[in-house]
Amino acid sequence: MSPRPPPRLAVRAIILLDNRLLLVNAWKGRDHLWCAPGGGAEPHSSLPDNLRREVMEEAGLTVTVGLPCLVNEFHDPRGTFHQVDVYFRCTLVAGDPYGDWTDPEGVVSHRRWVTRSEMAGLTVKPDSLATVAWGDEGGILYDPLEPIMR
């Protein structure tokens with residue numbers, strides 16, 4: 001059996017605007033699964049710097065990065081994928097939240113701002129995202145080893 005690769009580290013943004021949470025399509029070409037914007041952390045760059053870059057790429061927005069609020073692990077029990085996401089509360093500071101943009105990486109093609117009740121009708125990962133987004137701003141939640149959606 002070949003060794004499994006180490007977990008991938010990623011960062012994600014919790015951005016609320018007018019009590020709506022920003023979600024993006026999670027995988028290229030798949031619009032049925034939604035998540036908070038973000039992506040893989042590049043070495044030798046801080047997690048907040050990585051997150052600012054990812055939010056600009058995936059949503060065309062500039063944010064300030066606040067405190068971490070969730071650590072979530074995704075994995076594929078039948079494969080080698082294992083990712084640790086660190087979520088941060090962010091504040092929108094520039095960019096048109098409803099305007100056109102293009103993800104230069106070509107991964108995100110759709111974004112939407114949803115209320116908590118609208119989010120309940122969507123397939124969203126992680127399962128704890130609504131609780132974290134609209135929950136207590138103190139403390140951090142740890143959401144261990146959640147199976148990946150297929």
Side-chain angles (χ1 to χ4, degrees), residues 7-42 46-79 81-150:
R8 177 179 189 249
L9 178 62
V11 289
R12 299 212 172 267
I14 301 292
I15 308 168
L16 288 169
L17 180 65
D18 299 326
N19 206 32
R20 292 178 175 271
L21 178 66
L22 178 61
L23 297 176
V24 297
N25 60 304
W27 287 326
K28 185 176 184 175
R30 296 187 185 188
D31 299 334
H32 68 281
L33 181 60
W34 298 89
C35 65
E42 294 179 357
S46 72
L47 295 180
D49 286 346
N50 274 288
L51 187 52
R52 281 187 284 276
R53 173 185 47 78
E54 286 289 342
V55 172
M56 177 54 73
E57 287 174 5
E58 292 192 355
L61 303 173
T62 302
V63 295
T64 57
V65 178
L67 295 175
C69 55
L70 171 65
V71 175
N72 176 259
E73 291 185 79
F74 284 111
H75 78 120
D76 182 350
R78 296 176 299 212
F81 180 81
H82 184 171
Q83 179 167 299
V84 177
D85 287 335
V86 180
Y87 286 74
F88 291 84
R89 294 194 185 280
C90 296
T91 304
L92 177 64
V93 293
D96 183 350
Y98 304 105
D100 291 333
W101 98 107
T102 300
D103 177 355
E105 301 291 320
V107 175
V108 172
S109 56
H110 295 79
R111 67 177 180 185
R112 61 194 297 183
W113 294 89
V114 298
T115 64
R116 190 168 188 171
S117 61
E118 290 168 338
M119 190 173 165
L122 301 172
T123 303
V124 177
K125 282 295 182 182
D127 296 340
S128 60
L129 188 56
T131 300
V132 170
W134 284 281
D136 180 14
E137 292 199 22
I140 187 168
L141 182 65
Y142 175 60
D143 194 3
L145 217 51
E146 184 173 320
I148 192 170
M149 292 289 298
R150 290 200 175 266

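Numbering of residues begins at 1 and proceeds along the displayed sequence.
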Task: N/O donor-acceptor pair under 3.5 Å between Asp76 side chain and Phe81 backbone - done: no

Task: Least distance between heavy atoms, Leu17 atom then Tyr98 atom - done: CD2-OH, 3.9 Å

Task: Heavy-atom side-chain proximity of Arg111 to Glu58 below 4.5 angstrom - done: no

Open item on the list: Within the structure provided, determine whether Cys90 and Val55 are in side-chain contact (heavy-atom separation under 4.5 Å).
Closed with: no

TODO: Working to the nearest 0.5 Å, report the span between CZ of Arg116 and OG1 of Thr131.
DONE: 5.0 Å

- [ ] Starting at CG of Leu129, measure out to CE of Met119 and round the result to the nearest 0.5 Å.
- [x] 3.5 Å

Open item on the list: Is there a side-chain contact between Val24 and Cys35 in this structure, where contact means two heavy atoms from C-beta onward sitting under 4.5 Å apart?
Closed with: yes

TODO: For residues Ile14 and Leu21, determine if any side-chain heavy atom of one lies less than 4.5 Å from a side-chain heavy atom of the other.
DONE: yes

Open item on the list: So, taking the atom named CG in Leu33 and the one named CG in Leu23, what distance separates them when rounded to the nearest 0.5 Å?
Closed with: 10.0 Å

Task: Pro126 to Asn72 - nearest heavy-atom pair and separation - done: CB-ND2, 3.4 Å

Task: Pairing of Glu118 and Arg112 as salt bridge, 4.0 angstrom limit - done: no

Open item on the list: When you compare the side chain of Met56 with that of Thr62, does any pair of heavy atoms fall below 4.5 Å?
Closed with: yes

TODO: Over all heavy atoms of both residues, which pair between Leu47 and Ala41 is shortest? Give the atoms and the distance, please.
DONE: CD2-CB, 4.0 Å

Open item on the list: Any side-chain to backbone donor/acceptor pair from Arg12 onto Ala36? Under 3.5 Å, distance only.
Closed with: yes

- [ ] Rounded to the nearest 0.5 Å, what's the gap from CG on Leu9 to CG on Asp85? Could you check?
- [x] 8.5 Å

TODO: Give, for atom CG of Asp18 and atom CG of Leu92, the distance between the pair rounded to the nearest 0.5 Å.
DONE: 10.0 Å

Task: pair Pro37-Val108: side-chain heavy atoms closer than 4.5 Å - done: no

Open item on the list: Within the 4.5 Å heavy-atom criterion, are Asn50 and Glu42 side-chain neighbours or not?
Closed with: yes

- [ ] List the atom of Trp134, the atom of Thr115, and the distance in Å for their closest heavy-atom pair.
- [x] CH2-C, 3.8 Å

TODO: Carefully, step by step, assess Val71 and Val84 under the rule side-chain contact (heavy atoms from CB on, under 4.5 Å).
DONE: CA-CA 7 Å; Val71 175; Val84 177; 4.0 Å; yes

- [ ] Can you measure from CD (Gln83) to NE2 (His75) and round to the nearest 0.5 angstrom?
- [x] 13.0 Å

Open item on the list: Can you see whether Asp96 engages Trp101 through a side-chain donor-acceptor pair at a distance of less than 3.5 angstrom?
Closed with: no

TODO: Quick one: closest heavy-atom pair of Leu16 and Trp113, and the distance?
DONE: C-CZ3, 4.3 Å

